[in-house]
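None of these values were measured; they are calculated from a predicted model. Here, residue 1 is the first one in the sequence, and each next residue gets the next number.
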Amino acid sequence: MNAYWGCGRISFRYPDRPVVDFQLTDGNNIAITDLAPADVRFTIAKLQGSPLGNLTGSWQSYLNEIEEPGVGPGTEARLQATYERDAGEFTNNGDGSYRYRMAVNLNDLPAEILAQAQSEGLDLAYQPDRTHRVAMQFDNSGDTANPHYDWVPATGATEGVFTMDIAATENCNRCHDPLAIHGGNRREIEYCTTCHNPGSTDANSANTVDMKVMIHKIHMGAELPSVQAGGFYLFCCLRE
């Protein structure tokens, strides 16, 4: 399999089942034509408003699963963001361009997911007037990227839209060179935050895996007040 260099474009069509069109080339700008359905993952999230009423609040994934506690102090099932891979309709056009129509229907999410979200106070309703993000992960590749595309479905706008950047990947890479989590193919914060947001919780520890909370606590380590008081901070993040 060739090394992935990046994504030329991502577009969004059909509000019920998103369609992603993208172009792949390598570092020499040569088309990559051998991408298989199992080699790419997709996430999709909306940018929710903050309690102050603006649109620079937090990302909320439309793709979720219910995690049951198995180890640790957690006792309740919790919603956790996930990705979609090889579940929808994948088209390889043979020239380095691809299309993927997601299996998820944004206007008809599974009833059990909606019920769990409601119990946690989360809103998974499709809101086309909000900024949305599609992001991608490529597997089976030594050199990879996590392209993302932000836009407002109601207008199609991609410029001048509200967004939310938790951190800059370049800043992370001052120490983590490169930032490479969950097997090494998740390297860009814009992708990470489509799952690691306030709508995702580790059921085993009952701790949030929201990026801004989780990363700050990991980096504080022994300096956390709760740890200094004799406690501990943990979460189980075993997702491939």
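Residues Ala77 and Glu120 come closest through the heavy atom pair O-OE2, 4.1 Å. When every heavy atom of Gln48 is checked against every heavy atom of Asp123, the shortest pair comes out as OE1-O, 3.1 Å. Summarising the geometry of Thr201 relative to Gln80, their closest heavy-atom pair is O-NE2, 3.1 Å, with the distance given to 0.1 Å. Across all their heavy atoms, Ala135 and Tyr191 have their closest contact at CB-CD1, 3.4 Å. The shortest non-hydrogen separation linking Leu122 to Gln60 is CD2-OE1, 4.0 Å. Between Ala31 and Gly96, the shortest heavy-atom contact is CB-CA, 4.0 Å.
Val20 and Val161 end up in different hydrophobic clusters when Ile, Leu, Val, Met, Phe, Trp and Tyr side chains are linked at under 4.5 Å. The hydrophobic cluster containing Leu124 also contains Ile66, counting ILVMFWY residues as joined when their side-chain heavy atoms lie under 4.5 angstrom apart, directly or transitively. Note: the hydrophobic cluster containing Ile30 does not contain Leu24 (ILVMFWY, side chain heavy atoms under 4.5 Å, direct or indirect links). Placement of Val152 and Leu106 in two distinct hydrophobic clusters is found when ILVMFWY residues are connected by side-chain heavy-atom separations under 4.5 Å, directly or transitively.
Looking at residues two or more places apart in sequence or on another chain, you find a side-chain hydrogen bond (donor to acceptor under 3.5 Å, both in side chains) between Thr194 and Thr43. Evaluation of the salt bridge (charged side-chain N to carboxylate O under 4.0 Å, His left out) rule for Glu89 yields Arg17 as partners, not counting sequence neighbours. In this structure, the ring-ring contact (aromatic ring centres under 6.0 Å, His included) partners of Tyr98, at least two apart in sequence or on a different chain, are Phe22, Phe90.
Residue Arg99 forms a side-chain hydrogen bond (donor to acceptor under 3.5 Å, both in side chains) with just one option from Asn93, Asn92, Asp21, and that option is Asp21.
Using a 4.5 Å cut-off on side-chain heavy atoms (C-beta onward), Thr75 and Pro69 make no contact. Side-chain contact between Tyr126 and Pro153 is present, with at least one heavy-atom pair separated by less than 4.5 Å.
Atom NE2 of His132 and atom CG of Leu47 lie 9.5 Å apart (nearest 0.5 Å). Note that the CD atom of Glu67 and the CD atom of Gln116 stand 11.0 Å from one another [nearest 0.5 Å]. Residue Gln118 holds its CD atom at 13.5 Å from CD1 of Ile113, rounded to the nearest 0.5 Å. Residue Arg41 holds its CZ atom at 10.0 Å from CG of Asp39, rounded to the nearest 0.5 Å. In this structure, OG1 on Thr163 lies 12.0 Å from CH2 on Trp151, to the nearest 0.5 angstrom. For the atom pair CG of Asn64 and CG of Leu109, the computed distance is 8.0 Å after rounding to the nearest 0.5 Å.
Between Arg133 and Glu190 no salt bridge is recorded (no basic side-chain N to carboxylate O distance below 4.0 Å).
Proximity of a side-chain donor or acceptor of Ser200 to a complementary backbone N or O of Val209 within less than 3.5 Å is not detected. Panel note: side chain Asn146, backbone Met136; a donor-acceptor pair is recorded below 3.5 Å.
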Next on the checklist: Under the criterion side-chain contact (heavy atoms from CB on, under 4.5 Å), I'd like the reasoning laid out for Phe138 against Leu35: C-alpha separation, chi angles, the key distance, then a yes or no.
Outcome noted: CA-CA 9 Å; Phe138 299 107; Leu35 183 72; 4.1 Å; yes
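Between the side chains of Asp16 and Asn107, at least one donor N or O sits under 3.5 Å from an acceptor N or O.
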